[in-house]
Amino acid sequence: MSLPARFIASICLSAFAVIATSTPTKRALADPLVVDLSNHLVAITTGFTGTDVLLFGAVQNEGDVIVTVRGPDQDMVVRRKERKVGIWVNAESARYKNVPAYYASASNRPMDIIAPQNILQDYRIGLDNQRFIAVSDNPDADQKVYRDALVRNMQNAGLFNQRPAKISFLSNQLFRTDIHFPANTPTGTYTINVYLIRDGRIASVKTTPLVVSKTGVSAEVYEFAHRYSALYGIIAVIIAVIAGWIASVAFRKR
C-alpha cells in the first residue's frame, strides 16, 4: 500500500475507533459501515493506460463485505456471424437494454458462502444476477446464448471482471480493495455499492459515486467532435488532404 493510502486508511481506522469507544447511546446510533475512495475522479488523458482506485472502509462489528462497481447503462447489440459463400457475415442479432458499460465486484470470501442466492439476486450482486432486458423476440434458449456471448465479449474487453477481486481485512474492522479501470474504460458516472452482510442478511449498504471523465486536449476534441460532428468531419478531411499533399511533395523531391 502506498503512503497516501496508508495515511487515509489510518485516519479511517482512527475515526472508527472514536465511534466504537463513544457512549452507549451514541454507539447505538453509530453507522455500522464506513466507506470512502482514495479518488472520486478517474481522469482520462491522452496517455491514459488504466488506473487503480483504492476503496477502504471500516465495520463496527465483524461481518462480510461485498463491493460492486457498475458503470452507466447502455444499449448493446450482439450479432451472430455465419459463413455464407465463403464469407463471414452478420446474421441474427439480439438487442439488450440496461447493460452496464463496466461491472466489477469484490468480496472477502466467496459470495455464495457469504449470502444465499435470493439475496444476491434481489440486490443484483454478481454478473449472473444482472438483469439485461432483451428487446428481440428470440427463444429463451437463444437468449442465453446471446447473453453469454455479451458477457464474454465484455470480459475479453476487460470491462467485466471474470471473478470477484479480493477484499483484504487489515484488522477485524478495517478493510480495503483495489478497483481496476482499464485503458478503454467508458466515461460517465459509476455507482459503487458496498454491502455489509451478517448471518446471510444485509446489515448495511453504502453507495458512493465515482466519475470517469476525459480531461485535457482529448476531452476538448471529444466534445467538439460530438457537438459539431459535421464541422469536425470537414476539418478531418481537410487535414488528411493537406497531410497527403505534404507527403507527396516530400517524396517527389527525394
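Excluded from the calculations below are hydrogen atoms, water molecules and symmetry mates; all remaining heavy atoms, backbone and side chain alike, are included. In this text the structure is predicted, and so the values were computed from the model without any measurement.
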Of Val42, Thr189, Leu41, the residue whose pairing with Leu210 passes side chain to side chain contact (heavy atoms under 4.5 Å, CB included)
Val42

The residue among Ile133, Val99, Asn98 that forms side chain to side chain contact (heavy atoms under 4.5 Å, CB included) with Asp73 is Asn98

In one Ile/Leu/Val/Met/Phe/Trp/Tyr side-chain cluster, 4.5 Å: [X], [Y]:
X      : Y      : result
Val53  : Phe48  : yes
Val65  : Ile202 : no
Tyr103 : Leu120 : no
Ile66  : Leu33  : no
Leu55  : Phe181 : yes

Residue pairs involving residues 111-133 (criterion salt bridge (charged side-chain N to carboxylate O under 4.0 Å, His left out); sequence neighbours excluded)
none

Give me the ring orientation class for Phe169 and Phe175: parallel if the planes are under 30° apart, tilted from 30 to 60°, perpendicular past 60°.
tilted

Side-chain contact test, heavy atoms from C-beta onward, threshold under 4.5 Å: evaluate it for [X] versus [Y] and give yes or no.
X      : Y      : value
Leu127 : Val151 : yes
Val69  : Ser105 : no
Met111 : Ile113 : no
Asn193 : Val67  : no
Tyr146 : Ser93  : no
Ile197 : Arg201 : no
Arg147 : Tyr96  : yes
Tyr102 : Phe160 : no

Please walk me through it: do Thr215 and Ile44 pass side chain to side chain contact (heavy atoms under 4.5 Å, CB included)?
CA-CA 6 Å; Thr215 59; Ile44 298 180; over 6 Å; no

Under a 3.5 Å distance rule, please check whether [X] uses its side chain to pair with a backbone N or O of [Y] as donor and acceptor.
X      : Y      : value
His40  : Pro209 : yes
Arg163 : Ala106 : no
Arg70  : Ile192 : no

Check the pair Thr208, Leu37 against side chain to side chain contact (heavy atoms under 4.5 Å, CB included), reporting the backbone distance first and the verdict last.
CA-CA 8 Å; Thr208 182; Leu37 300 173; 4.2 Å; yes

Is Asp199 atom CG crowded by more than 12 heavy atoms from other residues, nucleotides or ligands, each under 6.0 Å away?
no

Would you find more than 12 non-hydrogen atoms of other residues, nucleotides or ligands less than 6.0 Å from Tyr123 atom OH?
no

Between Met76 and Met154, is a side chain to side chain contact (heavy atoms under 4.5 Å, CB included) present by the stated rule, with each step listed?
CA-CA 11 Å; Met76 294 195 68; Met154 295 295 284; 3.8 Å; yes

Quick one: OG on Ser107 to CG on Asp64, what's the gap to the nearest 0.5 Å?
8.5 Å

Answer yes if the side chains of Gln117 and Asn129 hold a donor-acceptor pair under 3.5 Å, and no otherwise.
yes

Going by an N to O cut-off under 4.0 Å, is there a salt bridge joining Lys144 and Asp148?
yes

Would you sort out whether Val35 and Phe56 count as a side chain to side chain contact (heavy atoms under 4.5 Å, CB included), showing the intermediate values?
CA-CA 6 Å; Val35 177; Phe56 60 94; over 6 Å; no

Lys166 meets the side-chain contact (heavy atoms from CB on, under 4.5 Å) criterion, sequence neighbours left out, with Ser168

